[in-house]
Amino acid sequence: MEKRLLLYLFIGCTLVANLEEFVAAKVRHYKFEVAYIYWSPDCEERMMIGINGRYPGPTIRAKAGDTIVVELKNSLPTEGVVIHWHGIKQLGTPWADGTASISQCAVNPDETFVYRFQVDKAGTYFYHGHYGMQRAAGLYGSLIVDTADGEEEPFHYDGELSLLLSDWWHESVHAQMLGLTSIPFRWVGEPQAILINGRGQYNCSLAAHLTGETSSCKITNNQCAPVVLQVRPNKTYRLRIASTTSLSALNLAIGNHNMTVVEADGNYVEPVTVNDMDIYSGESYSVIITTDQNSSLNHWLSIGIRGRLPKTQHALAILNYHPNSPSKLPSYKPPVTPQWNDYTHSKEFTYKILAMHGTQAPPANSDRQIALLNTQNKIDGYIKWSINNVSLVLPSTPYLGSMRYNLKNAFDTEKPPENFSEDYDVMRPPINPNSTKGSSVYKLKFNSTIDVVLQNTNALTGNVSEIHPWHLHGHDFWVLGHGDGKFRKNDVSKFNLRNPPLRNTVVIFPYGWTAIRFVANNPGVWAFHCHIEPHLHMGMGIILAEGVELISKIPNEALACGITGQVLMNNKRH
């Protein structure tokens, strides 16, 4: 009798605890209608993609443990659409990752798709289009996850500010994509503007009266009005920063203010104080600033381009100290961005980002190492990016459905290459520039520990090696190390296993390598790719799959496309 009573008490307490957790978590509903709109993000009106008639898209805000439901209607007249929830792992919902031809079919014009997923961890995230180059056309917005009720951040702040950074071209993404797949090759060029929260100024500067570099801005449209961050003196603020740029690596600085980095890609890091910071496409950060400077002045927030010879005006915002007028421009010159090719400065910042004490350490050893050589190549005269000499081409039927239901001939079934020739000279253009196309999958043993070494090289042109920020879907990973030149076997001994940062996006520097480690414990099919939009469009990515057989049911609407789409639907009915 006593044991039975204890059992009932245990069950009752468990039910109460689960009920409290259920009550605390909420379901947050959003309706998105994606359509073309006329907008003036840099004071020049252009056609772009908006959500619910506006740009950028609405900010999604939730608490850890909440469920987000987004009803997405595609009102684009002639093209499909998907939305990727960048940094959200999609635990148990791999079909909601929002990757066309990988996790789902693109949503056709006039059709609706419902995304439903749980946000498992507090942090600074964002969402964006993942079909064609729709991210570059303006399809993105912020996604912020606060701590669950009863939990606290490991740092204090009085208020919060947010920056979503992007770059903007006057040429349409359709024209850009055509140029990238043409002979002769037509590169997209440098952006016309850097945007802060969807706002920028083309061919003029808010600080022209101080720098004399270009003409002063005469702004008559609120869509391109300067971003004003309102603060009170002697307070502490959390500044959330996310970069959804199509191409540009950026550097951010605030005049007369230091910044203390406390979060990277939704993971807490050891606080590190800097004067400026580099931010690559796909990355997000939180920094702490203290408004302890001259309160009779407003101050500049300045963003410039790194890693490419800049031909784009700095983006400027105003840190507006109360009670100063928001229209009162700072009286000093904006901070100067470091020289575009000062990679020593970039590396110093990147290497400072380390995991907060108490963060889960990586497994001591890996079960498998995959080395990925990033090269620029040619296929039938077209310029492509390749990984181990294979340029990614996505199939018509999503991998997730074709693998889960064992469809034949849906994608290339041969095993993709896991390394490259030891005598490949990463410092010179490829001796044989020719490459091949492929849609193979790196199949990972479920719960195994995987190391990936990303190796950068010289492009087709001599003395050119570009920055590549790589983003992994469905996982965080530990950044074990970076190095210059070619990765060697003995570099494994230099891996940081003590406090490597957890990230979902990582940079490889020119002529260098980066090593990461992750556990393949999230059933699904996941993209791993360069987050530079034109590079992915040109084939710079791979596909990973793990535990697909453990997925129970995939929504019908995620799968009904491609040559074998109907076969897949028939298989599901039987």
Side-chain angles (χ1 to χ4, degrees), residues 27-37 48-62 66-77 79-91 93-119 123-145 164 166 173 198 242-246 266 281-282 284 394 398-400 471-474 504-505 524-527 529 531 533 536-537 541 554-555 557-559 561:
V27 179
R28 302 180 185 269
H29 293 267
Y30 295 84
K31 286 190 175 183
F32 282 9
E33 182 178 5
V34 175
Y36 281 111
I37 59 173
M48 65 190 308
I49 297 179
I51 299 178
N52 300 341
R54 300 193 61 79
Y55 161 80
T59 295
I60 291 177
R61 190 135 200 167
D66 286 352
T67 296
I68 292 175
V69 179
V70 178
E71 183 180 311
L72 172 67
K73 180 183 179 182
N74 181 10
S75 291
L76 301 174
E79 58 192 293
V81 70
V82 295
I83 292 182
H84 169 56
W85 316 97
H86 188 106
I88 305 303
K89 296 190 186 69
Q90 300 296 345
L91 299 170
T93 52
W95 51 84
D97 192 44
T99 47
S101 295
I102 303 170
S103 64
Q104 70 170 102
C105 303
V107 183
N108 290 325
D110 293 324
E111 292 185 355
T112 297
F113 183 86
V114 178
Y115 291 98
R116 185 183 183 95
F117 56 90
Q118 188 178 57
V119 287
T124 305
Y125 308 105
F126 58 100
Y127 62 86
H128 60 80
H130 214 293
Y131 181 69
M133 288 175 53
Q134 290 177 346
R135 172 160 54 96
L139 183 51
Y140 46 77
S142 295
L143 198 169
I144 296 172
V145 181
L164 183 62
S166 55
V173 293
S243 174
T244 185
T245 55
S246 175
S281 178
S284 64
L394 296 175
Y399 289 100
L400 184 64
H471 172 59
L472 177 59
H473 293 229
N504 61 55
T505 303
V525 182
W526 309 106
H529 61 90
H531 209 259
E533 193 87 300
L536 175 58
H537 186 71
I554 302 173
E557 58 269 26
L559 304 175
C561 61

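Just so it is clear, the model here is predicted, and its values are computed rather than measured. If you read the sequence from its start, that first residue is 1, and numbering goes on from there.
- Between Thr93 and Gln90, the shortest heavy-atom distance links the atoms OG1-OE1, 2.8 Å.
- Rounded to the nearest 0.5 angstrom, Ile83 CD1 and Ile60 CD1 are separated by 7.5 Å.
- The residue from Tyr55, Phe126, Trp85, Tyr125 that alone fulfils the ring pair (Phe, Tyr, Trp, His ring centres under 6.0 Å) condition with Tyr140 is Tyr55.
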Thr244 and Arg135: side-chain contact (heavy atoms from CB on, under 4.5 Å), yes or no, with the steps? CA-CA 8 Å; Thr244 185; Arg135 172 160 54 96; 3.2 Å; yes

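- The side-chain heavy atoms of Pro109 and Leu76, taken from C-beta on, include no pair separated by under 4.5 Å.
- The side-chain heavy atoms of Pro58 and Tyr127, taken from C-beta on, include a pair separated by under 4.5 Å.
- Shortest non-hydrogen contact noted between Leu559 and Cys105 is C-SG, 3.3 Å.
- Checking each of His86, His531, His529 against His130 for a ring pair (Phe, Tyr, Trp, His ring centres under 6.0 Å) leaves exactly one that passes, namely His529.
- Taking Arg28 as the reference, Asp66 meet the salt bridge (charged side-chain N to carboxylate O under 4.0 Å, His left out) condition, with sequence neighbours excluded.
- Pairs passing the side chain to side chain donor-acceptor pair (under 3.5 Å) check and including a residue from residues 96-108, sequence neighbours excluded, read His84-Asp97, Asp97-His473, Thr99-Ser103, Gln104-Tyr115.
- For Ile49 against Ile37, the heavy-atom pair with the smallest separation is C-CG1, 4.4 Å.
- Closest heavy-atom contact between Ala136 and Ser246: CB-OG, 3.6 Å.
- Heavy-atom minimum distance, Ile102 versus Ala527: CD1-CB, 3.8 Å.
- Residue Tyr131 comes nearest to Val81 through the heavy atom pair CD2-N, 4.3 Å, listed as atom of the first residue, atom of the second, then distance.
- With a 6.0 Å radius and a threshold of 12 heavy atoms from other residues, nucleotides or ligands, Arg61 has its CZ atom above the threshold.
- Val27 is listed as a side-chain neighbour of Arg116, based on a closest heavy-atom distance under 4.5 Å.
- Taking 4.5 Å as the limit, every side-chain heavy atom of Trp95 sits out of range of all side-chain heavy atoms of Pro398.
- To the nearest 0.5 Å, the span separating CD1 on Ile68 from NE2 on His29 amounts to 11.0 Å.
- Once rounded to the nearest 0.5 Å, the distance linking CE of Met48 with OH of Tyr36 reads 11.0 Å.
- Note that the CD atom of Glu557 and the OG1 atom of Thr112 stand 10.5 Å from one another [nearest 0.5 Å].
- With sequence neighbours excluded, no residue forms a side-chain hydrogen bond (donor to acceptor under 3.5 Å, both in side chains) with Tyr399.
- In this structure, Asn52 contributes its side chain and Glu33 its backbone to a donor-acceptor pair below 3.5 Å.
- At a threshold of 4.5 Å between non-hydrogen side-chain atoms, the residues Leu139 and Ile51 count as touching.
- With rounding to the nearest 0.5 angstrom, the CZ atom of Phe117 is 13.0 Å from the NZ atom of Lys89.
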